[in-house]
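Before any comments, here is the structure.
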Amino acid sequence: MKVLAHKTLTRLLFAVLTAAVTGLGFYLGGMSGLLLLPLCLGFWGVAEWNAARTDRELAQLSQTLNRILHGEEHLEVEAYSEGELGILRSEIHKMTVRLREQQQTLQEDKVYLANSLADLSHQLRTPLTSMNLVVELLSREDLPPQRRAKLCRELAQLLGQMDWLVTTLLKLSKLEAGAIPFRTDTIPLEELVAQAAAPFLIPMELREQAFSVDCPGTFTGDVHWTAEAVGNLIKNAMEHTPAGGSITVRGRENALFRELVVEDTGPGIDPQDLPHLFERFYRGSSRNTHGFGIGLSLTQRIVTGQGGTIQARNRTPQGAQFVLRFYKGAV
């Protein structure tokens, strides 16, 4: 209604102006009036034609936007190359593209969340089922003491696995959400590796695995989180190295980056698993059944969150190798 009233007022004003100019022309001279009248009518006709064209384009633009809002995905806003309509079209096109990107991102997030919940429920189901069986056995009154003690140890182990899984998932979620700020400290690289390897020294000794460190130089970054990342790699190497094997951590530094290499003498990584090693909950053909497939994913998040890179590959003649690089500047 407001638009219609505005158009009516504009036409009325234009008519009054035309009459006034034409009357002034006749007052000054008859020929002037005869010349001004068709000129004013011509301007009026051009203005009406331009207004009608603008109305058509706006109506078409409105229909296009309505179709986009109702879900037509591959619909482009038509081009208006000149004037204010051109500017309006450009801004609407930007808004449309942005809305489509947001819709796609939301859809991907929904799929990712659904897959993560399915993976998590699957990972928790196995230890929970085992714990239910253990509790059922422990409830028997005629259970021998030795059998009861063994079941208690198994139950404690299952609880430890679940605690580790939940804790690691919380850490991973915080890292992915950017909720953890990384600190910057400088310590000897050998001290960082010693902190990372400390929880695994006794298990490696029990497995008769040799552990050696050759890490000159220093490390600059978040010591706590990086030690956890390196510890995950050492734990992974320990679990995949047979008794009597060896695990080595080597470090070096140059003008561009600090490098840390964790390698073992195990069977190596199946080539089909290499592209997926750092995916959450991925358990390849060579993985044991006790892992959850999130330790390497957490390690990658920690390293890349500090601007570093991580690469997995096989050694010659055998064994797995993980290469971490922390760059000294932007790459």
Closer than 3.5 angstrom, by distance alone: can the side chain of Thr241 be matched with the main-chain N or O of Met238 as a donor-acceptor pair? no
Heavy-atom side-chain proximity of Asn232 to Leu296 below 4.5 angstrom: no
Rounded distance [0.5 Å steps], CG in Leu206 versus CG in Leu201: 11.0 Å
Could you please spell out the steps behind the side chain to side chain contact (heavy atoms under 4.5 Å, CB included) verdict for Lys171 and Ile302? CA-CA 10 Å; Lys171 292 177 181 178; Ile302 294 172; over 6 Å; no
Gly251 to Pro216 - nearest heavy-atom pair and separation: O-CD, 3.5 Å
Check the surroundings of atom CD in Gln104: do more than 12 heavy atoms from other residues, nucleotides or ligands lie under 6.0 Å from it? no
Do the non-hydrogen side-chain atoms of Ser246 and Asp264 ever get within less than 4.5 Å of each other? no
Once you round to the nearest 0.5 Å, how far does CD of Gln157 lie from SG of Cys152? 13.0 Å
Where do Val230 and Trp225 land on the side chain to side chain contact (heavy atoms under 4.5 Å, CB included) test, with the steps shown first? CA-CA 9 Å; Val230 177; Trp225 282 104; over 6 Å; no
Atom pair OG1 (Thr299) and NZ (Lys235), whose distance is rounded to the nearest 0.5 Å: 10.0 Å
Would a hydrophobic clustering, with Ile, Leu, Val, Met, Phe, Trp and Tyr connected at side-chain separations under 4.5 Å, put Tyr327 with Val323? no
Is Arg250 close to Val213 at the side-chain level, that is, under 4.5 Å between some pair of heavy atoms? no
Are Thr226 and Gln306 close enough that a side-chain donor and a side-chain acceptor fall under 3.5 Å? yes
Heavy atoms, side chains only, cut-off 4.5 Å: are Arg315 and Thr265 in contact? yes
Identify the heavy atoms of Phe200 and Gly231 that sit nearest to each other, and give their distance. CE1-O, 3.3 Å
Are any of the side-chain heavy atoms of Glu154 and Lys150 separated by less than 4.5 Å? yes
Can you tell me how far the CG atom of Leu158 sits from the CG atom of Asn132, to the nearest 0.5 Å? 10.5 Å
Determine whether Leu189 and Thr218 make a side-chain contact, defined as any pair of heavy atoms from C-beta on separated by less than 4.5 Å. no
Is a salt bridge present between Glu253 and Lys328, judged by a nitrogen-to-oxygen distance below 4.0 Å? yes
For Gln102, does the CD atom sit with more than 12 other heavy atoms under 6.0 Å from it, leaving out its own atoms? yes
ILVMFWY cluster, Val166 and Met131 together (side-chain gap under 4.5 Å): no
Can the ring centroids of Phe219 and Phe326 be said to lie less than 6.0 angstrom from one another? yes
Euclidean distance, Leu324 CG relative to Arg258 CZ, rounded to 0.5 Å: 13.5 Å
For Ala320, does its backbone N or O pair with a side-chain atom of Glu263 as donor and acceptor, under 3.5 Å? no
Does one side chain, of Thr186 or Thr220, offer a donor that lies under 3.5 Å from an acceptor on the other? yes
Are the side chains of Asp222 and Thr184 in contact, using a 4.5 Å heavy-atom criterion? no
Closest non-hydrogen contact found for Arg325 with Glu259 is NE-OE2, 2.7 Å
Could you grab the distance from atom CG of Leu192 to atom SG of Cys215, nearest 0.5 Å is fine? 8.5 Å
Between the side chains of Arg313 and Gln321, does any donor sit under 3.5 Å from an acceptor? yes
Ala227 to Ala196 - nearest heavy-atom pair and separation: O-CB, 3.2 Å
Under-4.0 Å salt bridge between Arg183 and Asp185: yes
For a 4.5 angstrom cut-off between non-hydrogen side-chain atoms, does Phe257 reach Thr309? no
Same apolar cluster (I L V M F W Y, side chains within < 4.5 Å links), Leu159/Leu133: no
Please say whether more than 12 non-hydrogen atoms of neighbouring residues, nucleotides or ligands are located less than 6.0 Å from CD in Glu205. no
Nearest non-hydrogen partners of Pro271 and Pro275, listed with the distance: O-CD, 3.6 Å
Under a 4.5 Å side-chain heavy-atom rule over Ile, Leu, Val, Met, Phe, Trp and Tyr, are Leu128 and Leu138 clustered together? yes
Cluster link Val134 to Leu143, ILVMFWY, side chain under 4.5 Å: yes
Locate the shortest heavy-atom distance separating Ala197 from Ile234; write the atom from each residue and the value. CB-CD1, 3.7 Å
By the definition side-chain contact (heavy atoms from CB on, under 4.5 Å), identify the one residue from Val261, Leu260, Asp214 that meets it with Val249. Leu260
Would you say Arg148's side chain and Arg140's backbone share a donor-acceptor pair under 3.5 angstrom? yes
Heavy-atom neighbours of Leu106 CG exceed 12 at 6.0 Å: yes
Is Asn314 reaching over with its side chain to a backbone N or O of Ile269, donor-acceptor style, under 3.5 angstrom? yes
